[in-house]
Amino acid sequence: MACSIGNAFRCSSDTLRFAPRQQCSSRLNPNPSSFLSFNSSPILAQNLGASSSSLSRRTIRARTKMAASEASINGSNRMLVFVPPHPLIKHWISVLRNEQTPCPVFRNAIAELGRLLMYEASREWLPTVVGEIMSPMGPASVEFIDPREPIAVVPILRAGLALAEHASSVLPANKIYHLGVSRDEKTLLPSVYLNKLPDEFPKNSRVFLVDPVLATGGTIMAAMDLLKERGLSVQQIKVICAIAAPPALSKLNEKFPGLHVYAGIIDPEVNEKGYIIPGLGDAGDRSFGTETHWVK
C-alpha cells in the first residue's frame, strides 16, 4: 500500500513498482528500498544498480561512497523517508506494537529493529580503505571501514538507548554521544536535560540521530538544532526511528530539507496527548519497565 503526506495523510492500494537500475561510478550492492518524497505525493521505490570497479593492488587509499538511490537525489532539496521493505523489520514492528509484549522482549525487539535500520542507512555511506593483504591462500584485495573516521551515534534518552543498543555490532568504528530530551506532558514542549555532544563535530563527520518515535516533532527538532549548531550539515545527519507520523515529518521537511529519515513504519495519526495512533505506546517506559503513564 502506498501512502503520501500532504495536507492530509492518505493511502491508496497502488502496488509499489521498482524503477530501472541506475549506475554509479563506485561499486554498489543491490538495495531495494522504498522512500517517501515530500515534494511529490507518491511513495517511490527504487532498485539500486550494481557496477564493478577494479581495485588498485598494493595501494591503500580512503574513499567515501554513496548509494545510487541517495546519490541520484542528493542535489535535490527534498526530505526523504526511507521505509526498508524487509520482513524482519515488519516482524519487529509487530512485536513492538503488541501490548502484551513484556519489557525484556520489547527492548530486544527495538534493539534488533535499530540494528536493521542502521544497517540500511549505512549502506554505501561509510568511509572505507581499500588495499591488499595476504590470505592463507595468497594475496587478496580487501576493503575495511576506515577507523580514522568513526560514525557518531546520538541516541536521544531514554528510549534512544534501546534503539541504538546494537550500533556497535553494525558499525565497526563509532562514538556515542548521549542527548537527554524530555517532553512536558501538558505542553508537549521539549526540554534538554543532558547534553554530551562535542562543542564542534569534525569536518567530515557522519551522524546517526536515534529517536524511536517521531510524533509531534518537538524532540527531534530540538536535537537537530543542537547538531546544526555544532557544525553539521543536513547531509551529514541521518535520523533513525522505529515509527514516525506526519506532524513530525512535516516539521522536519520544512526546516531541514534534504534530510534522510529511516523509519520502520509510518503511522497516520497523533492524538491530543502527543502519542502516535496506533503506534506502540511510550517506547521509554516499555523498554525499561517504568510507569506506563501513557495508558488510558
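Every heavy atom of this structure was used, including side-chain atoms; hydrogens, water molecules and symmetry mates were not.
- A search for side-chain contact (heavy atoms from CB on, under 4.5 Å) contacts involving P136 returns nothing, not counting sequence neighbours.
- We find that D267 and R97 are joined by a salt bridge, their nearest charged nitrogen and carboxylate oxygen being less than 4.0 Å apart.
- The salt bridge (charged side-chain N to carboxylate O under 4.0 Å, His left out) analysis of residues 102-115, with sequence neighbours excluded, yields the pairs R107-E165, E112-R115.
- Across P155 and A164, no two heavy atoms sit closer than the pair CB-CB, 4.1 Å.
- Under the 4.5 Å side-chain criterion, counting only non-hydrogen atoms from C-beta, I276 is not in contact with L214.
- Listed by first and then second residue, the side chain to side chain donor-acceptor pair (under 3.5 Å) pairs that reach into residues 85-95 come to none, sequence neighbours excluded.
- Rounded to the nearest 0.5 Å, atoms CD1 (I151) and CG (L126) are 5.0 Å apart.
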Practice task
Start with the C-alpha gap between D285 and T290, add the side-chain angles, then the distance that decides, and say whether side-chain hydrogen bond (donor to acceptor under 3.5 Å, both in side chains) holds.
Solution key: CA-CA 5 Å; D285 285 340; T290 50; 2.7 Å; yes
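- Residue I277 is found outside any hydrophobic cluster, as its side-chain heavy atoms come under 4.5 Å of no other Ile, Leu, Val, Met, Phe, Trp or Tyr.
- Within the model, atoms CG of D282 and CZ of R158 stand 6.5 Å from one another, a figure rounded to the nearest 0.5 Å.
- At a threshold of 4.5 Å between side-chain heavy atoms, the hydrophobic network of Ile, Leu, Val, Met, Phe, Trp and Tyr places L280 and L161 in two separate groups.
- In the hydrophobic clustering of ILVMFWY residues, with side-chain heavy atoms under 4.5 Å counting as a link, L157 and V210 come out apart.
- With rounding to the nearest 0.5 Å, the separation of CD in E149 from NZ in K175 is 11.0 Å.
- For E143 and T128, the side-chain atoms include at least one donor-acceptor pair closer than 3.5 Å.
- Interatomic distance, CG of N204 versus CZ of R148, reported as 11.5 Å (0.5 Å rounding).
- Annotation: side chain of Y262 is not in contact with side chain of C241 (no heavy-atom distance under 4.5 Å).
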Practice task
Carefully, step by step, assess V95 and V105 under the rule side chain to side chain contact (heavy atoms under 4.5 Å, CB included).
Solution key: CA-CA 8 Å; V95 173; V105 177; 4.1 Å; yes
Practice task
Starting from the C-alpha separation in whole Å, work towards a yes-or-no answer on side chain to side chain contact (heavy atoms under 4.5 Å, CB included) for S141 and V130.
Solution key: CA-CA 7 Å; S141 296; V130 297; over 6 Å; no
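- Considering CD of Q235 and CZ of R206, their distance stands at 12.5 Å, rounded to 0.5 Å.
- With a 4.5 Å cut-off on side-chain heavy atoms, L113 and I89 count as touching.
- The backbone N or O of L117 sits nowhere less than 3.5 Å from a side-chain atom of E120 that would complete a donor-acceptor pair.
- Closest non-hydrogen pair, N174 versus S168, comes out as ND2-CA, 3.5 Å.
- Residues I237 and V154 fail the side-chain proximity criterion, which asks for heavy atoms closer than 4.5 Å.
- A 4.5 Å side-chain heavy-atom check between L96 and I110 finds at least one atom pair inside the cut-off.
- In terms of modelled atom types and a separation under 3.5 Å, the side chain of S122 and the main chain of W125 share no donor-acceptor contact.
- There is a path of hydrophobic side-chain contacts, each under 4.5 Å, that joins Y193 to F288.
- The cluster map of Ile, Leu, Val, Met, Phe, Trp and Tyr, joined by side-chain heavy atoms under 4.5 Å apart, puts M118 and I145 in the same cluster.
- For F208 and Y177, the ring centers are positioned 6.0 Å apart or more.
- The nearest pair of heavy atoms linking S205 to F201 is OG-CB, 3.7 Å.
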Exercise for the section: Would you please test I265 and V83 for side chain to side chain contact (heavy atoms under 4.5 Å, CB included) and show each step? Expected result: CA-CA 6 Å; I265 198 167; V83 182; 5.5 Å; no
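- When all heavy atoms of A215 and V270 are compared, the closest pair comes out as O-CG2, 3.9 Å.
- In terms of heavy-atom proximity, A223 sits nearest to L179 at CB-CD2, 3.7 Å.
- Within the model, atoms OG1 of T216 and CG of N271 stand 10.5 Å from one another, a figure rounded to the nearest 0.5 Å.
- Summarising the geometry of K228 relative to V234, their closest heavy-atom pair is NZ-CG2, 4.1 Å, with the distance given to 0.1 Å.
- The shortest side-chain heavy-atom distance between M224 and L259 falls under the 4.5 Å cut-off.
- Sorted by first and then second residue, the salt bridge (charged side-chain N to carboxylate O under 4.0 Å, His left out) pairs involving residues 239-266 (not counting sequence neighbours) are D225-K255.
- Using a 4.5 Å heavy-atom cutoff, the side chains of V207 and K238 are not in contact.
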Handout entry: Pair I266-V81, side chain to side chain contact (heavy atoms under 4.5 Å, CB included): steps then yes or no
Key = CA-CA 9 Å; I266 301 174; V81 181; 3.8 Å; yes
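- Counting only heavy atoms from C-beta outward, the side chains of K196 and L194 approach each other to under 4.5 Å.
- In this structure, the side-chain contact (heavy atoms from CB on, under 4.5 Å) partners of T219, at least two apart in sequence or on a different chain, are I156, V181, P190, D211.
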